[in-house]
Protein chains: 2
Amino acid sequence: MPPASVARLPVYLRVLDDLAASGVRGASSAELADLAGVGPAQLRKDLSHLGSHGTRGVGYDVVRLRDLVGAALGVGERSALAIVGVGNLGRALARSAGFASRGFVVSALLDADPAVVGTVVGGVAVDDVADLGRVVAARGVSIAVVATPAAAAQGVCDAVVAAGVREILSFAPCALQVPPGVVLRSVDLASELQILAFHARARAARAARPATGATGPGRGGVPGP
Amino acid sequence: MPPASVARLPVYLRVLDDLAASGVRGASSAELADLAGVGPAQLRKDLSHLGSHGTRGVGYDVVRLRDLVGAALGVGERSALAIVGVGNLGRALARSAGFASRGFVVSALLDADPAVVGTVVGGVAVDDVADLGRVVAARGVSIAVVATPAAAAQGVCDAVVAAGVREILSFAPCALQVPPGVVLRSVDLASELQILAFHARARAARAARPATGATGPGRGGVPGP
DNA sequence: CTATGTGAAGCAGTTCACAGCT
DNA sequence: AGCTGTGAACTGCTTCACATAG
């Protein structure tokens with residue numbers, strides 16, 4: 001399955017969950033695509049990677065499709081998370097309600113600061129990052145969230161990989177190296193803002209020099225990543 | 001400039017900043033690309049969109065290039081941010097140190113909860129979201145960060161657009177509609193975890209049925225978005 | 001000789017358009 | 001008739017390979 005399609009499955013799942021909760025039984029690709037913010041053809045192709053589960057001439061069974069997409073994403077298998085780095089962001093993630101509702105359980109919090117180790121955040125005690133291997137093994141952690149400063153991120157990353165974790169989500173503002181077979185996703189909040197700032201600057205430049213080719217302002221918003 | 005190239009500029013900027021801080025004067029595309037986690041040809045092509053600023057046979061002047069990329073991203077023009085939604089995530093963002101160091105100033109915090117309005121977070125007082133238009137105009141906000149629950153996000157989004165904001169970063173777990181000309185970027189933390197869960201599931205399935213074609217595990221980590 | 005800048009080739013993802021099923 | 005599932009066309013990003021400049 002193409003990575004781009006995988007990245008859209010969570011969006012479809014949310015749309016399907018909402019519809020199912022509203023009691024809607026069936027929906028066409030056009031309706032679903034509209035709610036998901038993509039094109040109907042793209043939604044159909046994405047779903048086709050999971051097999052043929054629509055009914056021609058009718059559409060999709062919302063509940064059936066939700067269960068299918070949910071199964072592909074491992075919903076219902078309650079993944080154990082370890083959050084490494086209990087700073088502002090780590091704390092917010094630990095307390096975030098959105099995770100539990102999607103099948104993720106914050107099972108471990110780790111930090112290097114002795115002042116933080118031993119405190120309880122969101123009902124979970126903070127352990128010393130030195131015990132990372134033991135904690136990860138004991139609690140069956142399958143996904144690690146790296147929320148440390150950049151300087152510590154690569155070391156933490158190596159440690160969680162050594163502990164057997166194969167999926168990592170990093171918020172550290174730096175490029176991380178992982179061995180083959182480990183899946184790493186990075187989210188950098190400052191970079192997101194800088195990308196927006198680039199567009200703000202481009203718009204300002206455009207406004208200062210109003211006419212170059214077309215007269216009107218460039219059309220179309222920029223869609224998500 | 002292609003959106004994919006724009007999205008990498010912040011990475012290059014960080015690498016260049018680090019090198020400049022370390023006193024490094026010059027660097028080749030290969031060295032920079034290595035630090036940035038991309039290929040050398042890609043880095044050269046990305047930079048070429050900003051003009052020819054390297055020296056053939058030598059490489060790039062680190063400080064000069066940093067200033068160039070920084071200028072493209074509007075560093076030094078201190079963008080004013082408004083964070084709408086002062087929950088766990090909004091609070092963490094408001095207190096985050098990484099923004100100020102990159103030229104972003106949290107100039108406004110807004111929330112709908114009367115218990116939160118009037119409190120001070122990270123040195124900034126929380127205003128009522130009903131005053132959004134006034135606050136945005138008075139403080140020259142250029143970028144809005146939406147950190148509200150999904151149900152409130154579209155309304156907030158419409159309000160900030162009506163207030164004249166043209167760049168929005170959303171953390172709400174839903175698709176948002178913006179008019180043409182407004183740049184929207186969305187980051188959904190739960191989706192990121194579900195994408196990782198998908199890979200964890202795929203790996204588990206692979207392990208259960210060890211041989212299909214090649215024997216070894218699939219190579220290569222999955223790079224960032 | 002070294003390393004950039006860039007057309008050309010290659011590849012992945014998206015969109016189109018229609019065959020096929022209900 | 002209506003809508004899915006999918007090969008085919010298309011678009012845009014990445015990688016290659018080399019002419020070019022120092």
Side-chain angles (χ1 to χ4, degrees), chain A residues 1-9 11-12 15-16 19 24-62 64-66 68-69 72 175 195 198 218-225, chain B residues 1-9 11-12 15-16 19 24-62 64-66 68-69 72 175 195 198 218-225:
Chain A
M1 188 165 189
S5 294
V6 174
R8 281 185 294 267
L9 289 184
V11 178
Y12 302 153
V15 166
L16 291 164
L19 286 177
V24 177
R25 307 294 301 249
S28 67
S29 64
E31 295 172 291
L32 295 174
D34 205 49
L35 291 168
V38 303
Q42 181 158 83
L43 180 134
R44 289 202 303 274
K45 194 167 276 266
D46 287 341
L47 293 180
S48 76
H49 290 117
L50 299 174
S52 272
H53 297 276
T55 309
R56 294 177 193 234
V58 178
Y60 297 91
D61 179 310
V62 167
R64 197 170 129 66
L65 190 57
R66 178 198 58 177
L68 186 80
V69 175
I195 293 165
F198 174 91
R219 55 152 284 287
V222 171
Chain B
M1 187 164 189
S5 294
V6 174
R8 281 185 295 266
L9 288 184
V11 179
Y12 301 153
V15 166
L16 290 164
L19 287 177
V24 177
R25 306 295 301 250
S28 67
S29 64
E31 295 172 291
L32 295 174
D34 205 48
L35 292 168
V38 302
Q42 182 158 83
L43 179 134
R44 289 202 302 275
K45 194 167 276 268
D46 287 342
L47 293 180
S48 77
H49 290 116
L50 299 174
S52 272
H53 297 277
T55 308
R56 291 175 192 235
V58 179
Y60 297 91
D61 180 309
V62 167
R64 197 171 129 66
L65 191 57
R66 178 198 57 178
L68 186 81
V69 175
I195 294 166
F198 173 91
R219 54 150 286 286
V222 171

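Just so it is clear, the values below take in all heavy atoms, side chains as well, and ignore hydrogens, waters and symmetry mates.
Considering B/Leu43, B/Val38, B/Asp34 as possible partners of B/Ser29, the one that fulfils the side-chain contact (heavy atoms from CB on, under 4.5 Å) test is B/Leu43.
Annotation: proximity of residues 48-62 of chain A to DNA chain D (heavy atom, distance under 4.0 Å) is found for A/Ser48, A/Ser52, A/His53, A/Gly54, A/Thr55, A/Arg56, A/Gly57, A/Val58, A/Gly59, A/Tyr60, numbered in ascending order.
Distance alone, capped at 3.5 Å, places no donor-acceptor pair between the A/Thr55 side chain and the A/Val58 backbone. Remark: the backbone N or O of B/Gly39 is not paired with any side-chain donor or acceptor of B/Gln42 at under 3.5 angstrom.
Nearer the 5' end of DNA chain C, as judged by each residue's closest nucleotide, is the contact made by B/Ser29, out of B/Ser29 and A/Asp46. Between B/Pro2 and A/Ser28, it is A/Ser28 whose nearest contact on DNA chain D lies nearer the 5' terminus.
To the nearest angstrom, C1' of C/dT4 lies 15 Å from OH of B/Tyr12. When the P atom of C/dG13 is taken as reference, atom CG of A/Leu47 falls 17 Å away, rounded to whole Å. Regarding A/Asp34, its CG atom lies at a distance of 16 Å from the C1' atom of D/dC3, rounded to whole Å. Rounding to whole angstrom units, CD of residue B/Glu31 and P of C/dT4 are separated by 9 Å. The nearest whole Å value for the distance from the CG atom in B/Leu43 to the P atom in D/dT14 is 12 Å. B/Leu32 has its CG atom 11 Å from the P atom of C/dG5, to the nearest Å. In this structure, the CZ atom of B/Arg44 is 10 Å from the C1' atom of D/dA17, given to the nearest Å.
Nearest to the side chain of B/Ala41, among C/dA17, C/dT4, D/dT15, sits D/dT15. For B/Lys45, taking side-chain heavy atoms from C-beta onward, the closest of the listed nucleotides D/dC13, D/dT15, C/dG13 is D/dT15. For B/Arg8, whose side chain is taken as the heavy atoms from C-beta onward, the closest listed nucleotide among D/dT14, C/dA17, D/dA8 is D/dT14.
In terms of phosphate contacts, A/Gln42 brings a side-chain nitrogen or oxygen within less than 4.0 Å of OP1 or OP2 of C/dT15.
Taking each heavy atom of B/Ser5 and B/Asp46 in turn, the nearest pair found is OG-OD1, 2.6 Å. Of all heavy-atom pairs between B/Ala175 and A/Leu35, the closest is CB-O, 3.7 Å.
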Worksheet item: Do B/Val69 and B/Leu50 pass the side chain to side chain contact (heavy atoms under 4.5 Å, CB included) test, and can you show the C-alpha distance, the side-chain angles, and the key distance before you say yes or no?
Response: CA-CA 8 Å; B/Val69 175; B/Leu50 299 174; 4.1 Å; yes
Item to complete: Decide yes or no on side chain to side chain contact (heavy atoms under 4.5 Å, CB included) for B/Leu16 and B/Tyr60, but give the supporting numbers first.
Response: CA-CA 10 Å; B/Leu16 290 164; B/Tyr60 297 91; over 6 Å; no
